[in-house]
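Note sheet for the following structure.
Just the heavy atoms: all of them, side chains too, but no hydrogens, waters or symmetry mates, feed the values below. Every chain is numbered from 1 and lettered A, B, ... according to where its sequence line falls, protein lines coming before strand lines.
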Number of protein chains: 2
Amino acid sequence: MVTAREVAQLCGVSVATVSRVFNRPATVSATTRERVERVARDLDFSPNESARALSRQQSAMVGLVWDTDHRRPGWRHPFLQDLLLGLKSALSSHGYHLLLLATSDDARDRRPGVSLADPIGYVSMTRRHHLAGLVLIDSGTDADAFTAFAQSGLPCVALDVALSGPRATHVTSDNAGGAAEAVRHLAALGHRRIATITGPRGNAPAAARTEGYLRGLAEAGLTAREDLVITGDYYRESGFVGMRRLLARKDPPTAVFAASDEMAVGALLAARAAGLRVPGDLAVVGFDDIEVASLVDPALTTVAQDKPGFGTAAAGAMLAMIENAGAPEPVLLPTKLVVRDSCGGHPRR
Amino acid sequence: MVTAREVAQLCGVSVATVSRVFNRPATVSATTRERVERVARDLDFSPNESARALSRQQSAMVGLVWDTDHRRPGWRHPFLQDLLLGLKSALSSHGYHLLLLATSDDARDRRPGVSLADPIGYVSMTRRHHLAGLVLIDSGTDADAFTAFAQSGLPCVALDVALSGPRATHVTSDNAGGAAEAVRHLAALGHRRIATITGPRGNAPAAARTEGYLRGLAEAGLTAREDLVITGDYYRESGFVGMRRLLARKDPPTAVFAASDEMAVGALLAARAAGLRVPGDLAVVGFDDIEVASLVDPALTTVAQDKPGFGTAAAGAMLAMIENAGAPEPVLLPTKLVVRDSCGGHPRR
DNA sequence: CTGAAAGCGCTTACAG
DNA sequence: CTGAAAGCGCTTACAG
């Protein structure tokens, strides 16, 4: 590995100057700068990142906390790939890499041979790696650690959880707005008994979607019925079971808004199992717009989240924090109702 | 951040001793070791990773190259999430984190203000970050850079590409075997005119699947027909178009093996568009077993890849290389035929 | 505009 | 078993 020292020697300057060319080019005379740049390029030199991080107390890495271990097996983020892609591209263009952190359960952060159990906190992990900041994906289980981190003053952007702090902000879909739109769509099609299958208790987006559902009913002049609200957990199975229960009500719904596409698919299956046709006998709307949504039969009408937007917004907020001091405003990503076949087409009026 | 120096002072030992407790505990007397461990724990100390990486010339990070930029928009790895999960967990348990590298196009690795265009190679990037090694996901476009890296002597495990080198190995599904099994399954159901829609030219798994297709035909005593082999590109659209062309043959196939589930779905849609029933008029088998496979109608019979196995195997090979010298044997992951409804059930005999 | 020097926080031969 | 010292490769006040 060629070092700054070698470049310096070849150029007849000090390493300080080489360093300046890379960090504050404006403070170096044009002649020297160009010479150093040429030699650096010829030698394929660029500054060693560990050394740079150590001396600046800041690395070119942003940490990503994606805690999977407390999840039930098979858990999948509805659009992790798009999220990562958006994050990675946006961060990349500013020279940052993404460090996927090993979290709590799957390993205490120790190397083989280290017998010492070191307590792991996001704060100390961030400091130890000199990370520029942390992106936190809501896991539901680590709420306290998340809050502690947000309070720490280290740059932090949370996805799907409303965290705040001196240098913390968050990005979320307009969950309430999207849900309300879905319900209005159903109402516009003539439905009056509109049920919902919600996400898990304690999950913020789930709560917002339920809130939007209620708002949508109100806006359509419909009154909410408690027996038409069923708690699910985002997974397909809970959509199936929930729908079955809804269909057993004395005055069963003619439409259902599921807080995730997975549950909507479950509802579709339950309807089929009960001998109902969708959308003929039952209309269903999902949330997320995962790939499956367009492939099930009938294709699912759903509230689409701005998947790459999540990554881009998170990266944007993070970069802003890294470069400035305070915390940018939280980002509320607009959703979009994608009308397909599970509600019987477009509103009648 | 508490440093080794503070721990040392509190314990009345040198920093060297503190360091030894973390790196070669056996070389420290039990009494001192315990004292240091206690104090370290109380102070929530663990060694700074940048400093450690700099001085050992090796970090606790494994790089991951997932190049997305040359891909057509919308490209998705069929199971990136499972792959990441497997990788992350296995690496974590040995104390390694995963660094998602910003690759070629989306950014030259420079920070704002740096005007110097530094040529990026995987080798120099690995050295600059003192990475313990690199996991390469086949992108098809970066073949030369991949090969160069594999030759470099740095630990390298490639996924889906047969790379080798002093410290390079690779993990792949048994693509040929899986494809052959799919074809035998079709033949056992009585099909004699079995077509295939392949993956893109130049893609190694695609070539292996085609080879397996031919082998499967041979094993079933059938002769291959050139007009029943259509080149696709893994995407759904190419499955649709390919199937339409196949159906236009003078002696059209009664079954098709698609080298990806996406293309199989495309084939399903083409069959439906042509007024054919699946599996009544046409049997179809896919490859991958993505989530969608079980949700399309009819549910897709397909060759499942060992998704978490990919990550685990890659991590295992990487860890072996990090700890020893040479390159472990390449890993061939077994596939598994998942029989669902798109071929008309189980073989008749 | 440039250089000498201190410092970032560890690890690891080398002595003892 | 333990310590003093050198070294990993940068960056950044501080002088000049």
Side-chain angles (χ1 to χ4, degrees), chain A residues 1-9 11-36 40 43-61 95 109-111 113-114 116 118 124 126-131, chain B residues 1-9 11-36 40 43-61 95 109-111 113-114 116 118 124 126-131:
Chain A
M1 205 173 52
V2 22
T3 68
R5 214 159 62 79
E6 305 176 48
V7 174
Q9 282 171 340
C11 294
V13 298
S14 70
V15 293
T17 297
V18 173
S19 175
R20 283 191 199 99
V21 169
F22 280 79
N23 294 295
R24 312 138 171 275
T27 70
V28 179
S29 78
T31 352
T32 357
R33 185 180 348 114
E34 277 151 26
R35 189 151 32 105
V36 171
L43 266 54
D44 193 22
F45 164 80
S46 42
N48 180 287
E49 292 293 341
S50 304
R52 172 187 275 247
L54 180 58
S55 105
R56 306 176 74 180
Q57 301 281 67
Q58 160 101 266
S59 76
M61 300 186 292
D109 179 46
R110 28 171 140 149
R111 275 130 258 94
V114 178
L116 190 68
D118 49 313
S124 77
T126 302
R127 293 234 165 86
R128 289 211 326 269
H129 287 273
H130 291 303
L131 300 180
Chain B
M1 204 173 52
V2 22
T3 68
R5 213 159 64 80
E6 305 177 48
V7 174
Q9 282 170 339
C11 293
V13 298
S14 70
V15 293
T17 298
V18 173
S19 174
R20 283 190 198 100
V21 168
F22 280 80
N23 293 295
R24 310 138 171 275
T27 70
V28 180
S29 80
T31 353
T32 2
R33 181 176 356 110
E34 277 151 27
R35 189 149 33 103
V36 172
L43 265 53
D44 192 22
F45 165 80
S46 40
N48 180 286
E49 293 293 340
S50 304
R52 173 187 273 247
L54 180 58
S55 104
R56 306 175 74 178
Q57 301 280 69
Q58 160 103 266
S59 77
M61 300 186 292
D109 179 46
R110 30 171 140 149
R111 274 131 260 93
V114 177
L116 191 68
D118 50 314
S124 77
T126 302
R127 294 233 165 86
R128 290 213 323 269
H129 287 273
H130 292 303
L131 299 180

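- Shown here are the side-chain hydrogen bond (donor to acceptor under 3.5 Å, both in side chains) partners of B:Ser55, two or more places apart in sequence or in another chain: there are none.
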Item to complete: Fill in the dot-bracket string of DNA chain D, one character per base: . for unpaired, | for a pair to another strand, ( ) or [ ] for pairs within the strand, taking Watson-Crick or G-U pairs under 3.5 Å.
Response: |||.||||||||.|||
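- Separating the CD atom of A:Glu6 from the P atom of D:dG9 is a distance of 9 Å, rounded to the nearest angstrom.
- In this model, the phosphate group of D:dC8 is not approached by any side-chain N or O of A:Ser50 to a distance below 4.0 Å at OP1 or OP2.
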Please tabulate, one pair per line, each protein N/O and nucleotide N/O from nucleotides 13-16 of chain D that are separated by under 3.5 Å, including the distance.
{"from": "D:dA13", "atom 1": "N6", "to": "A:Arg20", "atom 2": "NH2", "distance (Å)": "3.2"}

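- Taking atom CG of B:Leu43 as the reference point, atom P of C:dG9 lies 15 Å away to the nearest angstrom.
- Distance check, rounded to the nearest 0.5 Å: OG of A:Ser50 to NE2 of A:His129 gives 11.0 Å.
- Each of A:Thr3 and B:Ala30 was matched to the nucleotide of DNA chain D holding its nearest heavy atom; the match closer to the 5' end belongs to B:Ala30.
- Here C:dT2 is the nucleotide among C:dC10, D:dC10, C:dT2 with the atom lying nearest to any side-chain atom of A:Val28.
- Partners of B:Ser29 by side-chain hydrogen bond (donor to acceptor under 3.5 Å, both in side chains), not counting sequence neighbours, listed by chain and number: B:Thr32.
- A close approach under 4.0 Å does occur between a side-chain nitrogen or oxygen of A:Gln57 and OP1 or OP2 of C:dG9.
- The separation between B:His129 atom NE2 and D:dC8 atom C1' is 17 Å, rounded to whole Å.
- The side chain of A:Ser29 contributes an N or O atom lying less than 4.0 Å from OP1 or OP2 of C:dT2.
- Residue contacts for B:Val18: at a heavy-atom cut-off of 4.0 Å it reaches no nucleic acid atom on any strand shown.
- Side-chain contact between B:Val36 and B:Arg20 is absent, with no heavy atoms from C-beta onward closer than 4.5 Å.
- In the set C:dG9, D:dT11, D:dC10, the nucleotide with an atom closest to the side chain of A:Asn23 is D:dT11.
- Take A:Glu6 and apply the side chain to side chain contact (heavy atoms under 4.5 Å, CB included) test, not counting sequence neighbours, and it matches A:Val2, A:Thr3.
- The CD-C1' distance, from A:Gln58 to D:dC10, rounds to 15 Å in whole Å.
- Within 4.0 Å (heavy atoms only), A:Ser19 reaches at least one base atom of the nucleic acid.
- Using a distance-only test at 3.5 Å, with no hydrogens or angles considered, a donor-acceptor pair links the side chain of B:Arg35 to the main chain of B:Cys11.
- For the pair A:His130 NE2 and C:dG9 C1', the interatomic distance rounds to 8 Å; values are reported in whole Å.
- Between the CG atom of B:Leu54 and the P atom of C:dG7 there is a distance of 17 Å, rounded to whole Å.
- Evaluation of the side chain to side chain contact (heavy atoms under 4.5 Å, CB included) rule for A:Ala30 yields A:Arg33, A:Glu34 as partners, not counting sequence neighbours.
- Here NE2 of A:His130 is found 4.5 Å from CE of B:Met1. Values are rounded to the nearest 0.5 Å.
- The side chain of B:Thr17 lies closest to D:dG3 when the candidates are D:dT11, D:dG3, C:dT11.
- Between B:Arg52 and the phosphate of C:dT11, there is a side-chain N or O to OP1/OP2 separation shorter than 4.0 Å.
- When distances are taken from the side chain of B:Ser14 to each of C:dG9, D:dA4, C:dT2, the shortest belongs to D:dA4.
- For B:Ser59, the side-chain hydrogen bond (donor to acceptor under 3.5 Å, both in side chains) test picks out no residue, with sequence neighbours left out.
- As a whole-Å value, the separation of A:Arg35 CZ from C:dT2 P is 8 Å.
- Taken from CD in A:Glu49 to CZ in B:Arg127, the straight-line distance is 15.5 Å, to the nearest 0.5 Å.
- Among residues two or more places apart in sequence or in another chain, the side-chain hydrogen bond (donor to acceptor under 3.5 Å, both in side chains) test is passed with A:Gln58 by none.
- Of all nucleotides listed (D:dG9, D:dT11, C:dT11), D:dG9 comes nearest to the side chain of A:Asn48.
- Atom CD of A:Glu49 is separated from atom P of D:dT11 by 9 Å (rounded to the nearest Å).
- OP1 and OP2 of D:dC10 both lie 4.0 Å or more from every side-chain N or O belonging to A:Ser55.
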